[in-house]
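Counting starts at 1 for both ligands and their atoms, in listed order.
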Amino acid sequence: MATDLLEMTEEQREIRNLARDFALKEIAPYIADWDAKAYFEPSIVKKMGDLGFLGMLLPEEYDGLGVDTSTYLIALEEIAVVDASAAVLMSVHNSLPTQMILQFGDEAQRERFLKPMARGEMLGAFALSEPEAGSDAAALTTQAVRDGAAWVLNGTKSWVTSGSHAGAILAMARTDSRDDRKGARGIGTFIVTPDLPGFHVGKKEDKLGLRSSPTVQLNFDNLRVPTDNLLGDPSMGFIYAMQSLENGRLGIAAQAIGIARAALEAATAYAGERIQFKTPIREFQAIQFKLADMATRIAASRSLLHSAARAKDRGENVTQASSMAKLFASETAMFATNQAVQIFGGYGYVKDYPVERLFRDAKVTEIYEGTSEIQRIVIARELYASD
Ligand code: CAA
């Protein structure tokens with residue numbers, strides 16, 4: 001099979017094998033059914049938690065595995081090869097809410113949330129986008145007003161991965177006053193729990209792909225959030241979100257690589273079996289060129305991703321590197337799944353083979369956690385950041 005250009009330690013191989021065995025046993029047999037019904041199976045959260053996959057980057061004192069970023073991404077890629085829906089749950093949970101609480105929360109918040117989150121007893125979600133604030137995230141309008149020992153939140157959050165099943169949702173809301181708007185510096189991040197009065201799960205999206213990952217709107221209707229649930233500084237929530245999305249984008253890159261790899265593996269196997277003109281089609285250069293381009297782009301994506309991960313663990317700035325990894329890997333996922341459908345021909349266009357689902361699943365990686373256009377803006381800005 002394809003070279004992955006990644007030297008793994010013994011521990012990384014073990015974790016990769018654990019992820020592969022879990023996904024093949026607990027998810028693979030049900031995927032087609034869950035995808036058709038847009039069904040989310042809640043029990044996978046606890047199963048992933050039991051194996052440590054929901055606290056991969058958390059220190060052991062919070063029941064996490066405390067592995068480095070590369071090891072986490074290896075496990076995530078492996079889950080994504082089997083099921084991109086489970087992978088996005090794992091990516092969002094590990095990269096965004098748990099990291100935000102660890103990095104920007106106080107000790108009481110860490111104690112309260114991180115252990116149950118690491119164990120898979122409490123799923124995390126991230127609520128930044130709104131109906132009118134997508135790429136222009138700082139234009140969000142959900143308002144938070146201080147009232148005694150609570151902040152009262154009103155507004156609607158969109159595209160919240162796992163939002164209907166989450167126990168801790170990191171939600172951004174304006175803390176500046178309507179008469180004195182402070183832009184990106186007038187936003188706080190709140191740990192919203194679904195038991196709070198005024199919390200409502202709204203519309204569940206009927207999506208093209210990732211159909212067994214629930215994506216919902218959340219409505220906050222005079223939602224009273226205790227002041228204890230404010231994360232850090234009430235004017236820094238947007239900055240926390242931006243910093244955290246750098247972790248998130250590494251996770252989405254790993255998910256995209258997993259989808260692309262699944263497409264390559266399926267197409268390589270099929271091209272060996274499919275006989276046309278009395279010849280397995282992989283003997284034809286037209287097919288070989290496609291497989292070669294898929295394999296090359298996957299290997300390049302993985303190299304970009306893991307060099308960014310290593311830089312992150314060395315404490316370097318990875319704003320540009322994480323956007324590059326996400327951009328290249330998501331476009332690779334779209335390229336590879338498109339090529340795989342082409343190699344399968346008519347059989348790629350129907351649900352009898354997995355590439356039809358992979359093609360649908362790949363698309364969102366070019367959209368969420370910052371579109372490809374936003375990644376290019378971030379990359380370009382970094383080129384002249386020091387001017
Ligand atoms: N790290 C730290 N600070 C950062 C930062 C980063 N990576 N990026 C920006 N900031 C800071 C800036 O320094 C600036 O601070 P100052 O006030 O000190 O100047 C502040 O944030 C505002 O930054 P910009 O002026 O650059 O803000 P902008 O309005 O021009 O927007 C953007 C920048 C890059 C376009 C940003 O809005 C963006 O990333 N948009 C995409 C949003 C996104 O990715 N959404 C995904 C939602 S999650 C999801 O997809 C759902 C899911 O569950 C999977």
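Residue contacts with ligand 1 for Thr161 involve both N, CA, C or O and side-chain atoms from C-beta outward (heavy atoms, distance under 4.0 Å). Within the 4.0 Å heavy-atom criterion, the part of Arg249 lying near ligand 1 is the side chain and not the backbone.
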- Message: side-chain hydrogen bond (donor to acceptor under 3.5 Å, both in side chains), that's the test. Do Glu246 and Thr319 meet it? Break it down for me.
- Response: CA-CA 6 Å; Glu246 293 178 9; Thr319 304; 2.7 Å; yes
- Determine, step by step, whether Ser164 and Lys204 satisfy the side-chain hydrogen bond (donor to acceptor under 3.5 Å, both in side chains) criterion, reporting the C-alpha distance in whole Å, the side-chain angles of both residues, the deciding distance to 0.1 Å, and the verdict. CA-CA 8 Å; Ser164 47; Lys204 181 185 174 212; over 6 Å; no
- Please step through side-chain hydrogen bond (donor to acceptor under 3.5 Å, both in side chains) for the pair Asp293 and Thr296, ending with a clear verdict. CA-CA 5 Å; Asp293 287 347; Thr296 304; 5.4 Å; no
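Listed by number with element, the atoms of ligand 1 under 4.0 angstrom from any heavy atom of Tyr368 are 50 (O), 54 (C). Listed by atom number, the atoms of ligand 1 under 4.0 Å from Gln243 heavy atoms are 1 (N), 2 (C). Remark: ligand 1 atoms within the under-4.0 Å shell around heavy atoms of Ser135 are 35 (C), 37 (O), 38 (C), 40 (N), 41 (C). The atoms of ligand 1 that sit less than 4.0 Å from any heavy atom of Leu245 are 43 (C), 44 (O). Near Phe126, the atoms of ligand 1 lying under 4.0 angstrom from a non-hydrogen atom of the residue are 48 (S). Set against the non-hydrogen atoms of Arg381, the atoms of ligand 1 under 4.0 Å away are 24 (P), 26 (O), 30 (O), 33 (C).
Not a single protein heavy atom sits closer than 4.0 Å to atom 12 (C) of ligand 1. Closer than 4.0 Å to atom 25 (O) of ligand 1 lies none of the heavy atoms of the protein. Under the 4.0 Å distance rule, the nearest protein heavy atom to atom 54 (C) of ligand 1 falls inside the cut-off.
Looking from atom 51 (C) of ligand 1 to the surrounding protein, the closest heavy atom is Trp159 O, 3.5 Å. In terms of protein heavy-atom proximity, atom 7 (N) of ligand 1 is closest to Glu246 OE2, 2.6 Å. Residue, atom and distance of the protein heavy atom nearest to atom 22 (C) of ligand 1 are Ala184 CB, 3.6 Å. Closest to atom 46 (C) of ligand 1 among all protein heavy atoms lies Glu369 CA, 3.5 Å. Remark: minimum distance from atom 5 (C) of ligand 1 to any protein heavy atom is reached at Met242 CB, 3.4 Å. Of the protein's heavy atoms, Phe238 CE2, 4.2 Å lies nearest to atom 23 (O) of ligand 1. Ranking protein heavy atoms by distance to atom 34 (C) of ligand 1, first place goes to Val378 CG2, 3.8 Å. Scanning the protein for heavy atoms near atom 29 (O) of ligand 1, the closest one is Ala138 CB, 4.0 Å.
Using modelled atom types, one side-chain atom of Tyr240 and one backbone atom of Asp233 make a donor-acceptor pair closer than 3.5 Å. For the pair Asp147 (side chain) and Ala150 (backbone), a donor-acceptor distance under 3.5 Å is absent.
Ile377 does not count as a contact of ligand 1, since none of its heavy atoms falls under 4.0 Å from the ligand. For Val160, the closest heavy-atom approach to ligand 1 does not fall below 4.0 Å.
Residues Trp159 and Tyr368 place their aromatic rings such that the two centres sit no closer than 6.0 Å.
Salt-bridge check for Asp206 with Arg211: passed, with a basic side-chain N closer than 4.0 Å to an acidic carboxylate O. One finds no salt bridge joining Arg174 and Glu130 here, because no Lys/Arg side-chain nitrogen approaches an Asp/Glu carboxylate oxygen to under 4.0 Å. A salt bridge links Asp50 and Lys46; the closest N-O separation between the charged side-chain nitrogens and carboxylate oxygens is under 4.0 Å. With respect to Glu369 and Arg249, no salt bridge is recorded, no charged nitrogen being found less than 4.0 Å from a carboxylate O.
In terms of heavy-atom proximity, Leu291 sits nearest to Leu264 at O-CD1, 3.8 Å. Leu304 approaches Met324 most closely through the heavy-atom pair CD1-O, 3.9 Å.
For ligand 1, the polar-atom distance check against Gly370 finds a nitrogen or oxygen pair separated by under 3.5 Å. Geometrically, ligand 1 and Arg185 share a nitrogen or oxygen pair separated by less than 3.5 Å. The shortest N or O to N or O distance between Ser129 and ligand 1 is not under 3.5 Å.
Counting only non-hydrogen atoms, the option in Leu89, Ile239, Val88 that gets closest to atom 20 (C) of ligand 1 is Ile239.
For the pair Leu170/Pro97, a side-chain contact is recorded, criterion being any heavy-atom separation below 4.5 Å from C-beta on. Side-chain contact between Arg112 and Ile101 is absent, with no heavy-atom pair separated by less than 4.5 Å.
Taking the six-membered ring for Trp and thresholds of 30 and 60 degrees, Phe344 and Tyr270 have nearly parallel ring planes, at less than 30 degrees apart.
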